[in-house]
Amino acid sequence: RICSKEHANTTHRSDIVVLKMAARTFLVLLALALVALSAQAFAPMPAFGVKSSTALEACRVNAKKEKIKRNRENMRKFQTGGRRGTSRRKTLKKIQSSTARAEEAEFIAKCFIATPPPDADE
């Protein structure tokens with residue numbers, strides 16, 4: 001049987017339409033697969049070591065307590081003498097008492113040097 005030219009053109013056009021639809025379907029499926037993979041990539045992963053949220057909260061509380069402790073130690077390191085707890089009168093009295101103590105210690109040392117031992121003959 002011999003096909004007419006018109007029949008061949010319509011068959012050729014329908015083949016092109018089918019190919020275009022197949023290509024579109026393939027592209028849509030490819031796009032859906034990419035979306036599914038990217039959604040899976042950005043989904044939150046479950047933590048393997050932690051079983052409950054209370055354990056997380058306990059770790060958080062411990063971390064806060066440790067940080068407070070570190071901050072206190074660091075603050076003491078950079079703390080200045082300040083005037084809190086020490087008055088001028090107190091510091092002057094400490095200086096006076098330390099000088100008096102030094103003089104007394106010197107006097108006692110001289111007393112033991114100046115007196116001879118009890119058994120010594122003169």
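This structure is a prediction, so every number in the text was calculated from the model and none was measured.
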Residues passing the salt bridge (Lys or Arg N to Asp or Glu O under 4.0 Å) test with E104, sequence neighbours excluded, are none
Would you compute the distance between atom [atom1] of [X] and atom [atom2] of [Y] and round it to the nearest 0.5 angstrom?
| X | Y | atom1 | atom2 | value |
| --- | --- | --- | --- | --- |
| C59 | E66 | SG | CD | 9.5 Å |
| M21 | I16 | CE | CD1 | 14.5 Å |
| K65 | I68 | NZ | CD1 | 9.0 Å |
| R101 | K94 | CZ | NZ | 10.5 Å |

Students should find that the hydrophobic cluster of M75, defined by side-chain heavy atoms under 4.5 Å apart, otherwise consists of none
For V28, the other hydrophobic cluster members (4.5 Å side-chain criterion, sorted by chain and number) are L32
For K67, the side chain to side chain contact (heavy atoms under 4.5 Å, CB included) test, sequence neighbours excluded, returns R70, N71
R24 meets the side chain to side chain contact (heavy atoms under 4.5 Å, CB included) criterion, sequence neighbours left out, with none
- request: Decide, yes or no, whether a salt bridge links K110 with E106 under the criterion of side-chain N to carboxylate O below 4.0 Å.
  value: yes
